[in-house]
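The structure appears below as structure tokens.
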Amino acid sequence: MKKLINKPEDVVLEELKGIEKAHPDLVKIHYAPDYIIRADAPVKGKVALISGGGSGHEPMHGGFVGMGMLDAACPGAVFTSPTPDQMLEATKAVDGGAGVLHIVKNYTGDVMNFQMAADMAKEEGIDVEAVVVDDDVAVKDSLWTAGRRGVGLTVLMEKLVGAAAEEKRPLKEIANLARKINGQGRSMGMALTSCTTPSAGKPTFDLPEDEMEIGVGIHGEPGRTRTKLQTADQITETLMKAIVDDLPFMSGDKVLLFVNGMGGTPLIELYIVYRKAVEIAEKAGLKVVRNLIGPYITSLEMAGTSITLLKMDDDLIKLWDAPVKTAGMRWGI
Amino acid sequence: MKKLINKPEDVVLEELKGIEKAHPDLVKIHYAPDYIIRADAPVKGKVALISGGGSGHEPMHGGFVGMGMLDAACPGAVFTSPTPDQMLEATKAVDGGAGVLHIVKNYTGDVMNFQMAADMAKEEGIDVEAVVVDDDVAVKDSLWTAGRRGVGLTVLMEKLVGAAAEEKRPLKEIANLARKINGQGRSMGMALTSCTTPSAGKPTFDLPEDEMEIGVGIHGEPGRTRTKLQTADQITETLMKAIVDDLPFMSGDKVLLFVNGMGGTPLIELYIVYRKAVEIAEKAGLKVVRNLIGPYITSLEMAGTSITLLKMDDDLIKLWDAPVKTAGMRWGI
Amino acid sequence: MAVTRDEVISWIKAYGQVITENKDYLTDLDSAIGDADHGANMHRGFLAVLAKLPAVEDKDIGTIFKTVGMALISTVGGAAGPLYGTFFIQAGTKLNGKMDLTLADWTAALDAGITGVVNIGKANVGDKTMVDALTPAIQALNGATGQELSMSDALKKSAKAAEEGMKGTIPLLAHKGRASYLGERSIGHQDPGATSSFLLLDTAANVWVNN
Amino acid sequence: MAVTRDEVISWIKAYGQVITENKDYLTDLDSAIGDADHGANMHRGFLAVLAKLPAVEDKDIGTIFKTVGMALISTVGGAAGPLYGTFFIQAGTKLNGKMDLTLADWTAALDAGITGVVNIGKANVGDKTMVDALTPAIQALNGATGQELSMSDALKKSAKAAEEGMKGTIPLLAHKGRASYLGERSIGHQDPGATSSFLLLDTAANVWVNN
Ligand SMILES: Nc1ncnc2c1ncn2[C@@H]1O[C@H](COP(=O)(O)OP(=O)(O)O)[C@@H](O)[C@H]1O
Ligand SMILES: Nc1ncnc2c1ncn2[C@@H]1O[C@H](COP(=O)(O)OP(=O)(O)O)[C@@H](O)[C@H]1O
Ligand SMILES: [Mg+2]
Ligand SMILES: [Mg+2]
Ligand SMILES: [Mg+2]
Ligand SMILES: [Mg+2]
């Protein structure tokens with residue numbers, strides 16, 4: 001295992017110490033339980049947004065704490081959802097009196113831990129709503145499974161809903177906006193290489209030099225199919241087709257196109273993918289009105305990409321353009 | 001070779017097409033010769049900044065074209081400096097009448113190609129100054145070698161000098177500012193894995209599972225020493241010591257601390273390195289007044305990091321904080 | 001014969017040891033159909049449990065179970081944290097004030113624990129989860145109640161049933177948890193949570209062998 | 001005997017072929033002590049050269065050399081682009097208007113080309129660069145001028161000298177170019193640019209063998 005770490009069990013703690021030293025203007029860190037909150041939390045009268053999940057997906061979520069995005073992020077161990085006490089304490093720390101929205105990616109562990117925290121917070125009199133993100137079309141949505149995973153759309157939701165919260169929209173409206181976003185966004189990912197979790201110390205899956213995983217998860221969960229390596233254009237076509245067909249996105253739709261890097265894939269390759277993705281989107285009659293390109297929801301050092309398409313409207317475009325000031329996403333301020 | 005590309009020889013062209021589609025608000029792309037210019041170029045009365053170099057270091061330099069940073073970037077083939085006609089045409093395209101500064105990383109090829117372009121531009125009556133960046137302390141500076149390489153400091157210089165140019169400072173002053181920055185910034189890098197250039201199709205160097213390269217270049221040039229793997233803290237100590245001792249940075253100095261990712265190293269590890277780097281800086285009496293953490297000057301998918309320290313003063317702090325609007329670095333606007 | 005409070009503590013400590021020994025094994029199982037953390041998760045959890053135990057060593061078994069459950073919930077995370085945490089907390093509700101454990105107590109506790117797991121996880125038998133190891137175990141105990149079995153024999157039976165349930169997850173297609181994302185590709189792999197559950201019951205049978 | 005304009009063109013085409021064949025070899029050499037692109041650089045450059053040749057096939061040799069040099073400068077980049085570009089342009093200045101090439105012409109051209117390389121690259125013999133292959137080659141030609149050697153024998157001598165110069169780079173410590181960053185670790189590797197330079201002169205000796 002080749003990583004810039006000290007002891008595997010200290011990875012998350014030392015990362016938090018780094019963030020604390022790096023961004024005191026943006027965030028404060030609380031330890032045991034671990035959570036990251038806006039430096040100016042709680043913001044009076046504003047719905048507070050909390051997300052969290054296993055670590056190893058940086059900048060998500062800790063890098064998205066700040067003005068215009070999250071009020072708190074709860075980092076779990078690498079690829080392991082955080083525990084309820086983290087979310088409970090974070091909820092208490094950021095509640096500005098207007099209630100708290102939990103943004104939860106749809107994994108059994110995340111959903112159960114967030115649910116426990118929400119129950120406890122409600123018992124303490126805090127108004128909590130939860131929204132579950134499940135945008136990964138690689139996974140068949142079915143009553144008989146854990147359902148779809150929450151992946152790239154989470155990043156977009158955190159930005160958009162964060163902007164709506166800054167406008168002091170009420171909790172119910174914010175929660176509904178988040179659900180609407182979840183309803184009109186879809187993603188799919190692929191991996192060229194596996195990631196290696198620090199504690200396992202070896203790759204989660206073995207991928208021969210000439211093969212790749214299509215439909216991989218952000219935790220190095222094996223994808224649904226393993227195939228021979230293909231060109232960037234072929235891969236982009238596979239991902240885009242699955243995404244566009246699923247919603248389905250329709251000719252004339254305005255969309256935000258997000259090409260995400262999995263952590264080990266350099267930007268130069270993401271632009272090559274973006275180039276093809278736009279071409280495909282335009283051929284399908286979609287209008288790409290906004291975009292995001294880069295490693296925003298990663299899977300440690302996994303090489304690969306995921307694509308997210310989100311149907312936009314004027315309100316969403318306005319929210320996307322609104323100022324955001326976080327370590328991982330910043331504009332307008 | 002596992003990359004999201006189509007044909008190796010199309011990598012740079014297709015990347016440019018992706019950038020063109022992604023950021024029409026920020027940049028325009030010119031093909032054959034290839035260069036990227038600000039969407040609003042030429043900016044009347046402003047010194048124009050041009051940089052360039054081999055591709056494979058994204059977001060540098062193309063991602064740094066825009067308000068507050070570069071006016072043009074000239075991308076060469078992967079790891080190969082661009083040709084003089086690119087720099088000449090870009091120089092002509094962005095000259096707003098106040099002259100043009102060429103920011104050149106100190107590699108034999110870059111220096112020679114930029115020199116030829118500058119000579120031609122001068123013949124055409126354009127006021128051109130060139131500044132050579134050579135901040136890599138891994139390389140012994142000597143009359144008998146090609147001298148030190150230009151690495152991480154280039155990113156900082158482009159931001160700082162870009163802000164000074166926005167203030168409409170004159171060319172001579174801008175060039176001197178750039179030289180001053182070069183005089184008080186130092187960097188060093190290391191690699192856990194090699195990169196693979198698309199055209200070679202295999203790793204530039206073989207690095208056993210338990211070894212690393214200290215003092216590696218951004219083109220996968222082997223470093224000066226190969227050692228057994230060490231912890232993040234030990235590695236950070238090695239890099240910081242070499243950097244601090246070289247200038248030397250002195251107790252009381254205000255510094256900008258830049259922890260760069262080489263392309264295949266995820267952000268979580270960079271924060272672990274940053275944590276230790278700050279600790280070391282503070283122990284040496286340095287005041288870390290600004291920082292930058294992330295993959296800004298990469299070496300394709302190489303795993304590793306580089307650290308840059310730049311001595312700051314009030315003018316530099318003001319220039320650092322000034323608004324910048326590029327695909328790769330953005331704040332204040 | 002009944003299991004004493006101290007034997008309950010011995011069981012928990014022994015399971016902590018078993019988890020340490022099987023950490024890589026559990027993680028390997030989770031690599032194949034999950035995210036390669038089940039070993040690390042359980043290990044982190046039981047390190048915390050072992051640290052908490054001294055404070056409740058002189059308390060009743062119900063309190064001990066509740067303490068174990070709370071420690072797991074606040075340190076494990078993932079799916080295993082709430083599931084095993086709930087298991088111990090719910091089992092503990094049947095053991096309030098008790099200083100020893102009869103076979104009937106254990107059966108009632110296990111039943112309550114499993115019901116808790118099913119309530120929050122919504123997994124059925126055959127979904128390829130820990131429920132596939134736990135449910136046969138409680139069935140075996142229920143079957144044993146009528147017969148004149150010693151506690152240790154009953155525990156052996158239930159561990160054996162858990163083992164068969166665990167092995168039975170291999171051919172299953174996962175319907176719950178992370179393995180369900182794999183669809184058909186989940187077939188042929190043993191479920192990590194079923195494995196840690198079997199180990200829990202197997203450790204009980206081994207530690208409480210003289211009852 | 002003199003080399004005709006058409007033989008000059010044949011030489012350039014043949015070298016393009018040699019570069020294609022040695023692309024990976026040159027890149028491998030550059031991987032060891034550089035950045036793994038010398039093969040790709042030269043290949044890209046000579047593809048451009050071959051595309052430009054038809055337009056000047058009926059021009060004088062000076063024009064052809066100049067065209068080759070310009071094509072290299074505008075397509076190769078890196079260190080090799082300006083160096084080989086300058087080599088051809090400067091060599092070409094000695095060949096203006098010429099439709100064939102005597103040994104004396106070639107010697108003068110090579111000398112001018114190498115001077116150009118040294119002027120912009122500032123490398124001395126022994127610095128582990130292409131100069132280490134080129135300089136012995138011109139020395140061999142200068143030495144041959146006095147003797148009654150056929151052109152083809154002189155070319156063979158110079159190619160041989162270039163080869164020895166190229167091999168002589170192996171034990172050297174690099175002082176110029178990217179290999180110099182390696183310090184001591186540059187020792188033991190053959191310089192890629194010296195290799196492509198040897199191949200250039202070797203191709204001349206092979207193609208112009210009947211002169
Ligand atoms: N809904 C569920 N009901 C019961 N057990 C489940 C459920 N989902 C997952 N599990 C169990 O949890 C185990 C995985 O635990 P662990 O790897 O620690 O958590 P995670 O899946 O969050 O990484 C699975 O092997 C399975 O036995
Ligand atoms: N200053 C110099 N003078 C002469 N030749 C040089 C000089 N610097 C480099 N070279 C030659 O250039 C070769 C490398 O070319 P290439 O790999 O194409 O360019 P780059 O080093 O820019 O990647 C070296 O092997 C060496 O022979
Ligand atoms: Mg997990
Ligand atoms: Mg090069
Ligand atoms: Mg798991
Ligand atoms: Mg090279």
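Lettering of chains follows the sequences in order, A, B, ..., and the numbering in each one begins at 1.
- Within the 4.5 Å cutoff, no side-chain heavy atoms of B/L300 are placed close to those of B/T196.
- For B/L207, the parts lying near chain A are the backbone and the side chain together; criterion is any non-hydrogen pair under 4.5 Å.
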Please test B/V273 against B/I307 for side-chain contact (heavy atoms from CB on, under 4.5 Å), starting from the C-alpha separation and ending with a verdict. CA-CA 9 Å; B/V273 170; B/I307 297 179; 4.0 Å; yes
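- Put simply, the side chain of A/L310 does not reach to within 4.5 Å of the side chain of A/W320, judged on heavy atoms.
- Atom-to-atom distance recorded for A/L4:CG and B/L192:CG is 4.5 Å, nearest 0.5 angstrom.
- The choice from A/K21, A/E20, A/H57 that makes the most heavy-atom pairs within less than 4.5 Å of chain B is A/K21.
- Counting heavy atoms from C-beta outward, A/E58 and B/Y271 have side chains that stay 4.5 Å or more apart.
- Highest contact tally toward chain A, considering only B/M302, B/H23, B/K7, is held by B/H23 [criterion: heavy-atom pairs under 4.5 Å].
- Side chains of A/S187 and A/S306 form no contact here, defined as non-hydrogen atoms less than 4.5 Å apart.
- Proximity to chain A among residues 275-286 of chain B is limited to B/R275, B/V278, B/E282, judged by heavy-atom separations below 4.5 angstrom.
- Side-chain atoms of B/L256 and B/I317, non-hydrogen and from C-beta on, never get closer than 4.5 Å to each other.
- B/T326 places a side-chain N or O within donor-acceptor distance of the main-chain N or O of B/G63, the cut-off being under 3.5 Å.
- Of the charged side-chain nitrogens involved, none lies within less than 4.0 Å of a carboxylate oxygen, so that B/E301 and B/K2 do not count as a salt-bridged pair.
- At a 4.5 Å heavy-atom cutoff, the contact between B/M190 and chain A is made by side-chain atoms alone.
- Under the side-chain contact (heavy atoms from CB on, under 4.5 Å) test applied with B/L309, the options B/L257, B/L239, B/L156 reduce to a single match, B/L257.
- Both the backbone and the side chain of B/D233 come within contact range of chain A, each with at least one heavy atom under 4.5 Å from a heavy atom of that chain.
- Nearest heavy-atom pair, A/P75 versus A/S55, reported as atom, atom and distance to 0.1 Å: CB-OG, 3.5 Å.
- Residue A/I293 touches chain B through its side chain alone, counting heavy-atom pairs closer than 4.5 Å.
- The contact list for residues 211-219 of chain A toward chain B, using heavy atoms and a distance under 4.5 Å, reads A/E211 by residue number.
- Both the backbone and the side chain of B/I5 come within contact range of chain A, each with at least one heavy atom under 4.5 Å from a heavy atom of that chain.
- At least one donor-acceptor pair under 3.5 Å links the side chain of B/W331 to the backbone N or O of B/A322.
- No side-chain heavy atom of B/T305 sits less than 4.5 Å from a side-chain heavy atom of B/E269.
- A search for side-chain contact (heavy atoms from CB on, under 4.5 Å) contacts involving A/P323 returns A/M67, A/I333, not counting sequence neighbours.
- At distances below 3.5 Å, not a single donor-acceptor pair connects side-chain atoms of A/S194 with backbone N or O atoms of A/D206.
- Annotation: side chain of A/M329 is in contact with side chain of A/L292 (closest heavy-atom distance under 4.5 Å).
- Across A/L267, A/I272, A/T231, the residue that shares the most heavy-atom pairs under 4.5 angstrom with chain B is A/I272.
- Counting heavy atoms from C-beta outward, A/V155 and A/F64 have side chains that approach closer than 4.5 Å.
- Across B/G261, B/G332, B/C195, the residue that shares the most heavy-atom pairs under 4.5 angstrom with chain A is B/G332.
- Interatomic distance, B/T308 OG1 to B/I243 CD1, rounded to the nearest 0.5 Å: 6.5 Å.
- Contact of B/A303 with chain A is not made at all, since no heavy-atom distance falls under 4.5 Å.
- Neither the backbone nor the side chain of B/T298 comes within less than 4.5 Å of any heavy atom in chain A.
- Among the residues in residues 9-19 of chain B, those with a non-hydrogen atom closer than 4.5 angstrom to a non-hydrogen atom of chain A are B/V11, B/E14, B/E15, B/K17, B/G18, B/I19.
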